[in-house]
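Beneath this line is the structure, given in structure tokens, with notes to follow.
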Amino acid sequence: MLEFFWMSTRSRARELAAAGLADGDATGWFEQLYREAEQGKTVIPWADMQPNPHLLEFWEQDPLPAIGKLALQVGCGLGDDAEQLAAWGFETTAFDISPTAIRECQRRFPQSSVAYVAADLLQPPPDWLGRFDFVFECYTLQVLPTDLRARALRNVTKFVRPGGHLLLIARAREEDEPEGRLPWPLTHDELDVVRDYGLQMISFQDFDDLEDPPVRRFMGLYQR
């Protein structure tokens, strides 16, 4: 039953993404999806309205210095993870390509200390490069087509300042497994290129989460 719910909530996102790709616009569909959700016509399939449990588990096991540090969340959606980073003490910036998503974050958290910004990962603000002590990327790369993913991942790594950390979580697959439908799982080799961008791996987990049926994921912690 749970899997049927997830499949049904993803159907509109997949439809919009396919139409966007056919028109040569691989990212414009995010704003349309959030607008339709704002109007009550659909739902955001990845919006759980609570912090990501894998982020919470990671922090419980291996917390990083947060007070006085700058954090960036990539593809913040409706803001729950960004709010959690701020609660841990980070001075947090969170961005999404959808202005409607950013407006919803500001509506949900009117007293928030998080700086919510509409921005494009493929063309990020230049003053963000090398600025942040902690960068959190979760489930954004897996909704980008392969031809954009390497560029997006490289930009993610550029946000990390010397000594800073990147925590990355994504759906996972083997090289010889098909990508399937959106969200498209990543391979280990796709993530391993962060080493070419000046980051070293601190820890890496390959695990099945508790969804029904279970979903294989990668979670990597990297440091510049």
Side-chain angles (χ1 to χ4, degrees), residues 1-22 24-27 29-30 33 43-48 51-58 61-62 73-77 81 96-97 121-122 135-160 165-223:
M1 188 70 178
L2 181 60
E3 178 64 11
F4 173 78
F5 169 76
W6 280 113
M7 291 295 289
S8 62
T9 59
R10 289 188 185 128
S11 60
R12 182 55 177 159
R14 286 171 171 157
E15 180 181 327
L16 291 173
L21 287 171
D25 182 1
T27 59
W29 65 273
F30 292 104
L33 182 69
V43 297
I44 306 300
W46 51 80
D48 294 330
N52 187 292
H54 305 307
L55 174 63
L56 298 178
E57 182 180 355
F58 166 82
Q61 297 175 356
D62 190 21
Q73 188 190 355
V74 177
C76 64
D81 293 336
D96 200 283
I97 196 171
L121 175 57
L122 299 176
V135 176
F136 181 49
E137 197 307 277
C138 182
Y139 306 162
T140 302
L141 297 174
Q142 66 188 34
V143 291
L144 295 176
T146 305
D147 60 335
L148 294 180
R149 196 177 289 162
R151 176 181 166 191
L153 178 56
R154 184 174 185 178
N155 286 348
V156 168
T157 67
K158 287 181 176 180
F159 298 137
V160 184
H165 293 83
L166 164 65
L167 180 65
L168 194 153
I169 306 175
R171 282 182 170 242
R173 67 178 177 90
E174 294 296 326
E175 291 283 348
D176 58 355
E177 292 178 328
E179 276 196 330
R181 296 189 295 169
L182 180 149
W184 299 293
L186 279 68
T187 67
H188 191 282
D189 285 349
E190 283 184 280
L191 295 184
D192 204 39
V193 299
V194 300
R195 303 187 192 197
D196 298 333
Y197 305 145
L199 276 66
Q200 61 177 342
M201 183 189 298
I202 303 302
S203 65
F204 192 87
Q205 298 180 40
D206 181 343
F207 64 98
D208 290 336
D209 70 12
L210 299 180
E211 289 190 21
D212 182 19
V215 174
R216 183 185 176 191
R217 301 196 191 277
F218 293 144
M219 181 164 66
L221 178 66
Y222 308 88
Q223 185 175 27

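Computed from a predicted model, the values in this text were never measured in an experiment. Sequential numbering from 1 along the given sequence is applied to the chain's residues.
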- Item | side-chain contact (heavy atoms from CB on, under 4.5 Å) between Leu191 and Tyr222, worked out | CA-CA 11 Å; Leu191 295 184; Tyr222 308 88; 4.0 Å; yes
- Query: So how far is it from Leu21 CG to Thr27 OG1, rounded to the nearest 0.5 Å?
  - Reply: 9.5 Å
- Item | Donor-acceptor under 3.5 Å (Asp25 side chain, Gly20 main chain) | no
- Going through the checks in order, is the side-chain contact (heavy atoms from CB on, under 4.5 Å) test met by Gln142 and Trp184? CA-CA 5 Å; Gln142 66 188 34; Trp184 299 293; 5.5 Å; no
- Within a reach of under 6.0 Å around CZ of Arg154, are more than 12 heavy atoms found that belong to other residues, nucleotides or ligands? no
- Message: Let me confirm one number: the CG-OH distance from Leu166 to Tyr197, rounded to the nearest 0.5 Å.
- Response: 12.5 Å
- Item | Approximate separation, where rounding is to 0.5 Å, of Ile44 CD1 and Arg12 CZ | 11.0 Å
- Taking every non-hydrogen atom, the tightest pair across Trp29 and Val143: CZ2-O, 4.1 Å
- Message: Applying side-chain contact (heavy atoms from CB on, under 4.5 Å) to Thr187 and Arg173, what does each step give before you reach the verdict?
- Response: CA-CA 5 Å; Thr187 67; Arg173 67 178 177 90; 3.7 Å; yes
- Task: Please confirm whether the backbone N or O of Val215 pairs with a side-chain atom of Arg171, one donor and one acceptor, at under 3.5 Å?
- Result: no
- Task: Hey, could you give me the CG/CD distance between Leu168 and Glu137, rounded to the nearest 0.5 Å?
- Result: 5.0 Å
- Query: If you look at every heavy atom in Glu190 and Leu153, which pair is closest and at what distance?
  - Reply: O-CD2, 3.3 Å
- Arg149 (side chain) donor-acceptor with Leu144 (main chain) under 3.5 angstrom: yes
- Is there a salt bridge (charged side-chain N to carboxylate O under 4.0 Å, His left out) between Arg217 and Glu57 once you walk through the steps? CA-CA 14 Å; Arg217 301 196 191 277; Glu57 182 180 355; over 6 Å; no
- Task: Take Asp62 and Ile202, measure what side-chain contact (heavy atoms from CB on, under 4.5 Å) needs, and give me the verdict at the end.
- Result: CA-CA 11 Å; Asp62 190 21; Ile202 303 302; 5.6 Å; no
- When the ring planes of Phe218 and His188 are compared, do they come out parallel, tilted or perpendicular, using 30° and 60° as the limits? perpendicular
- Message: Measuring only between side-chain heavy atoms, which start at C-beta, is Phe159 closer than 4.5 Å to Leu121?
- Response: yes
- Got a second to check how far Leu221's CG is from Phe204's CZ, nearest 0.5 Å? 11.5 Å
- Query: About how many Å separate CG of Leu141 and CD1 of Ile169, when rounded to the nearest 0.5 Å?
  - Reply: 11.5 Å
